[in-house]
Every structure is written in structure tokens, then in C-alpha cells.
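See structure below.
A quick note: this is a predicted structure, and the numbers were derived from the prediction, not measured. Convention: sequence-line order gives letters A, B, ...; per-chain numbering from 1.
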Amino acid sequence: MEKVLIALCAALAIGITALATAWAQSRIGASGAGTLAEKPELSGTIIILLAIPETMVILGFVVAAMILTLK
Amino acid sequence: MIVEMSKVEIVGPKALLQDVISVLQESSTFQIEPSIVGFNERVGRKFIRAFLPDEKSLSERLFLEDLRARIGELFSYLPAVTVRKSYIEPRPIIETIVRTIQKHIDICKKLYQEKDALQREASELKHYAVFLDAMESLLKGVKETPDIDFTGITIKDIKTIGHLRDALASLTGGEFDLLTTTAQDGSIVGLITTGKGEGERIKSLLRDEQVPEFTFPPTFDALTLPDKVKYLKKKISGLSSESESKRKEMESFAGRWAPIYRRVKEWIDDRLYVIRATASAFETRQCLFICGWMPSKDVEKVGRRLNDRFAGEVVLETREMIEKDLDSVPVVLRNPPYFQPFEMFVRQLPLPRYTSFDPTPFIGIFFPVFFGMILGDAGYGLVLIALSLVLMKRFRTKKNIRDASKILFISSVYSVFFGVLYGEFFGDLGYRLFGFGPICVERRTAILPVIYFAVSVGVAHTTLGLSLGLITSLRKREKREALYRLLNILMIFCILALVAALFGIFPDLLTRPFIIAILVLAPLLFFAGGLLSPLELIKSVGNIFSYVRIMAIGLTSVLLAFVANNFAGMTGNIVLGTVVAVLLHLLNLILGVFSPSIHALRLHYVEFFSKFLELGGRRFEPLIKENKKEEESWKKY
């Protein structure tokens, strides 16, 4: 039972943050596409902005890894 | 590196103003300052005023602008061809140019309009060519006799052919023929042959059935359909050759005259530039006064040149740079060849201020290291080295692609280095085939040690950023800001050491001293940074933990490579297994180029640069000659 709970917590840690990242990236991606249509020279900045919400899922992944590995 | 600049003043006789600006323009190292603020301000208010152009300068400017516009009009009629560079001296031939330019504009305009009309006519006739090509094939099957009428039609729907055939049979009593074929553009073309005199009735039937008859220009009316085909082909060919001859005539004109006009235009641009630049100069009753900025290393050279040219009548002096000048000093970035490709990353940001740092060397050092740490696979690294070498060779003349290839090459070398440390060669393929094991750590299993390593890198990188911020504050003599940044660094160290002690990484004995240190530093931090200082501290700690991405993205890369190798083994077929492994490794390699690049850049832009970089510098825009601006494109106009 304990193993199941640990696995569930790890899955929640990465799953919820992944959903949050996906939602944020979808909003930034849509706005970014609009920006690029008007100012293509901002492509570098848009790529960086798109990468910013990935912090959430990366930290979620780290937390999941710690839940699974730390005792 | 940000080039050291000097604040410069030039004084001389007023009559020499344009000549002085020409010398400065030739040197391409002087940026004129249109405001006297910060220069000879105190004396300036009494004696110095903005330079007012005299009548001669104004009329020269109007004359040159008019001539330039006319040369522009001439070029608009000429074809864009590569021409030689002319070395003719423009000044003596200006009078001749003024006399001949209108004649040349008229000639070129006429040629251009004639060529344009021919091309338009040919384009209209080509519209019929597709139809006629199809018609010609149908006419081959018909015996041409004087008692037959031909009608050409286009059919929209193939199903209507049967119905049309019935209608024609009922109209002509079966004395007709309907041949159809598909034209090059996919449309269906039909040819109706009937007895002489049936033409009008056929046209009426086609109108009723809503089948469009193919109509020709009115000039074709007198001709029969077969003659129309022959005439049209001859006409199109005639128009093409006539248009070609006009084009050659224009190219020959361009080859003969364009280099001279181009040279004259450059000279006019330079003259106009000098005349416009005089508006940024100042004058007293008898003297000229120019103030501006130039790289310190060029001051002596330009001073000597002015001295030689004007026999000591014009003097260049450097002035002491005061604190309020620092915001207006223009910025030039100059880096050693190794760092130059990395300037493409820095160009995404506004220029740094003169008092700040050029971020290029930092990104040049750390970007490849982070890329290598994230990708960390010797096999992928070797593939990317080969790819970057090919790109460098193939796109030698395209600066951006060449620079990107150089960055990829350097980053791939680091990837090989870290790949050897991690013992990764296409994932665990190196271990399976050659027993190539990790020297330091195996990323796939040792997750926590790699997290600690990534956070340690974050601590080092962020602390470097904060230290550079501290140096910037000291340079600007902002003592309180410097103290705040120093306290921030100390606090971060204490917090991280405390966390390490609580997690058992540092001895438990150190917990209490670090808590005391934090309690002592906290009020000082409030004093130096204000009420919002804890937020800044939390942001800095968050930034450090953000470096965990180095481990996380690296781990996804190594796991995907591991999956690729396992999948290949599970297929049970050597060919299928190889294909699956290659495809998955290819996918991983593509992700392995983009993901580490984006995240390494993000770590610089968001986490590192925010600690010290002050953006919003003023771009260095020296007086420069027109031909130097267009050095790369001098062959075309």
C-alpha cells in the first residue's frame, strides 16, 4: 500500500506540473505566434519565453525523483 | 568586451568645418554628439551656438538631393545585374552627369516601358497557349477543307459531354464531330467541327447549354481556327525575342553607365552626409566646435591625422569623463575570434550600458559547458562535431549559419568530454559493445548526486553573476547597492549551507552557526536593500534551484537513448532493430540539439544576466563613408 501511495504521489508531482506547463506554454505559444507574424526578428525571445514555464515540470520531475529515491 | 571610449572635443577655424567632418568620416571612428550637454557647457552658453548653414551649403544640399533623386529614378528603370566597380573621381564629372542624366533617364524609361508592354502582351497571349496546344493535337486528326467550320470550347464537367453531343446531333442532324482532350493545366478542351454556315447556330446552342466558347482577341477574328493557332505561336515567339533584345539593350546600358552613376551616387551620399552632420556641430564667431565620442585607442591616430591635414589649425583634445556622461557614452562590443560567434546570442538583447559588462565572454564560456553537461553523450557529440564541420564548410559565406555551426562545434566537444565522464556513447551502447563505463557518475541511476552537482553549478554561476553586479555597483560608486549585493551573496551561502547541514550533507554541528549568521545578516539586508530585499533573496535561491534542469533534461536524454537501445534488442530482428534504434537515436539527437541550447540560453538570460547586466546602452554610430557601409553589396545597386 505504501508503495502505491509513493508512486501515486510521484505521478501527481509530475502530472500536475506537466499540465500546468502545457497550459502556460499553450498561451505563450499562441501569443508568440501572433507576435512572430508581426515581428519575425523576435523569434529568439519567443523561444526563450516558451521555455520559461518548463521550470515547473522540471521541478515536478525533481520532486518525483526525490519521492521515489529518498527514504 | 566593451571598448574603452574617450570624450573628445575638436576646435578649429569655422571655414574648415566640412573638411574636418570629411576627415572624421574617413576615419570611421568618431561619433558626433549633437548636444553640448556634458561638454563645454559652462563656456558654451555664452559663446557657442549650433552651426547655421550658409546659403551656399543650402543650395549645394538642394542640388545634390535633386541629382540623387534623378540617379535613383534612372536605377529604377535598369535591370538588377552585377556590374564592375568604377574608380572614377566623381567631382570633375558632376557637370557632365547633370547634362546627360535626363537624356539617359528618357532612354531607359522608354526601353523599360517598351519591354514592359511586350511582356504584358506576351503574358496575355500565353493565356491562350495552353488551350491552343490542346487544340493543335485535335486539329491534327481533322482534315482541313474550306466547307468546315471550327468552334473551340472549354468543358467544365466531363459528364456534360454526352448531353452536348446529343444537342449537337439534334441541331445539325448528326453532321458534326466533337473531339475532346485534356489540356496541360487539366482543363478539358473540345473542338466542334460542323458544315459551313452552322457557326451562329452552334454559338447559340453553346450559350443555351452554358458551355463557354473559347474567345480570341479581336485581331484574330478574320482568321480560321487553324490559322489562329499558327499565328499565335508566331506572335508569342516574336514578342519574346523582341523583349529579350530590349533586355539585352538595357543590360548593355547598365554595364556601361551604372558603375559611373553608382560611384557618383556614393559621392553624393557622402557629401550629403557631411552637410547633414554639420547640423550637429557648433560654432563661435570664428571657430568650429565639434564634440563627440571615439574609441580611446584611435584618439592619437585621428588627432595626428587632423594635425597633418590642417597644419595644426585644428586641435583634438580628450576631456575627462564625468559621472553624468556614463549614461550617454556609446557602446561598442569587440571580442576575440573565439567569442565572436556567441555575439549572435547577445544580439537578442538590447546593448549593455557602458558601465556594465559585455555578456559575450560569459555566454561563450558557460553556454558550451551547460550544453555539454545536458547532452553529455560522446556518440551524439561526435555526430554533431561532424555535422557542424560540414555546415561550416558548406555555408562559409553565410555569417549566421557559420557562427551557429561554430557554436555547435564547441558545444559538441564539451558534449564528448562530459559523455566520457558519464560513460555514455549513444546511451549505454558503448558499455554494451565495448565495455565503455562511466568515469565519474552514471546519470541514469545516480539521480541525487547529479541533482547536487547541478545545484552546485547553479550556486557558482549565480554567485558569479552577483559578484559581477557587486563590481558594477563599486564602479558606479553606489556603496549601499554594493553592500546589498555582498549581503545577498553571503545570505545565499548561509541558506544553502544550512539546507545542506539539515539534509546531512554538511556536519550537523554547523547548523547553529549558520542560523546565527542568517539572523545577523537579515537586518543588515533590510537596511541595505529595503523591505523588498527578502523577495530578491528568494528569487536568487529559486534561480539556483532552476539549474536542476541541467540534470533533468540530461536524464530524459539518457533515458530516451537507453529506451532506443532496449527497443532495438526487443524486436528480435537485426535489420528492424537497427532501423528502430537509428530512428529513436535520431529523434533524441534532434531533441538533444534544441533542448540543451534553449535551456542553456534561458539559464543565461533569466538566471545569470539578471544579476549584473544593465541593458539600454547607446549604440556607437560613427561618421562613416557610404562605400564602407555597403562594402558587401558594392557589386549590385
Side-chain angles (χ1 to χ4, degrees), chain A residues 2-71, chain B residues 342-350 363 370 374 400 404 443-455 458 503-505 539 541-557 559 591 593-610 615:
Chain A
E2 193 189 356
K3 273 188 179 176
V4 172
L5 282 175
I6 288 172
L8 182 68
C9 291
L12 284 175
I14 196 154
I16 293 169
T17 50
L19 282 173
T21 301
W23 181 78
Q25 282 191 330
S26 73
R27 303 295 295 266
I28 297 171
S31 310
T35 310
L36 286 182
E38 285 186 17
K39 290 188 174 179
E41 68 274 13
L42 289 177
S43 54
T45 316
I46 300 296
I47 292 171
I48 300 300
L49 285 176
L50 205 56
I52 284 177
E54 280 184 19
T55 310
M56 281 186 286
V57 72
I58 287 166
L59 292 179
F61 174 74
V62 172
V63 171
M66 290 177 96
I67 289 170
L68 292 173
T69 51
L70 287 175
K71 293 198 173 106
Chain B
F342 294 94
E343 283 175 0
M344 70 185 295
F345 292 144
V346 177
R347 281 197 291 271
Q348 307 291 330
L349 302 168
I363 211 165
F370 290 171
I374 294 171
N400 280 347
R443 284 195 294 178
R444 197 161 50 85
T445 50
I447 292 176
L448 281 180
V450 183
I451 287 181
Y452 296 147
F453 174 61
V455 172
F503 272 81
I505 301 166
K539 204 176 114 192
V541 174
N543 287 343
I544 289 170
F545 282 109
S546 183
Y547 283 77
V548 172
R549 72 187 60 235
I550 291 175
M551 164 266 164
I553 297 162
L555 187 60
T556 55
S557 167
L559 286 178
L591 289 174
V593 175
F594 285 104
S595 221
S597 307
I598 289 169
H599 286 278
L601 273 181
R602 181 226 136 100
L603 286 175
H604 281 88
Y605 288 159
V606 182
E607 272 80 13
F608 184 54
F609 291 161
S610 63
L615 299 171

Legend entry - chain B contact via A:I52 - which portion, at a heavy-atom distance below 4.5 Å: both

Legend entry - Heavy-atom contact with chain A under 4.5 Å, split by part of B:I553: side chain

Inset, instruction - First locate atom CD1 of A:I58, then atom OH of B:Y547, and finally report the distance between them rounded to the nearest 0.5 Å. - result: 13.0 Å

Legend entry - Proximal component of B:I598, with respect to chain A [non-hydrogen, under 4.5 Å]: both

Result block: side-chain N/O donor-acceptor pairs under 3.5 angstrom for residues 27-37 of chain A, not counting sequence neighbours:
residue	atom	partner	partner atom	Å
A:S31	OG	A:R27	O	2.9
A:T35	OG1	A:S31	O	2.8

Inset, instruction - Supply the atom-to-atom distance B:T556 OG1 to B:R443 CZ, rounded to the nearest 0.5 angstrom. - result: 8.5 Å

Inset, instruction - Compare every heavy atom of A:I14 with every heavy atom of A:A64, then report the nearest pair and how far apart it is. - result: CB-CB, 4.4 Å

Legend entry - Residue among B:M551, B:Q348, B:H599 with most heavy-atom pairs under 4.5 Å to chain A: B:H599

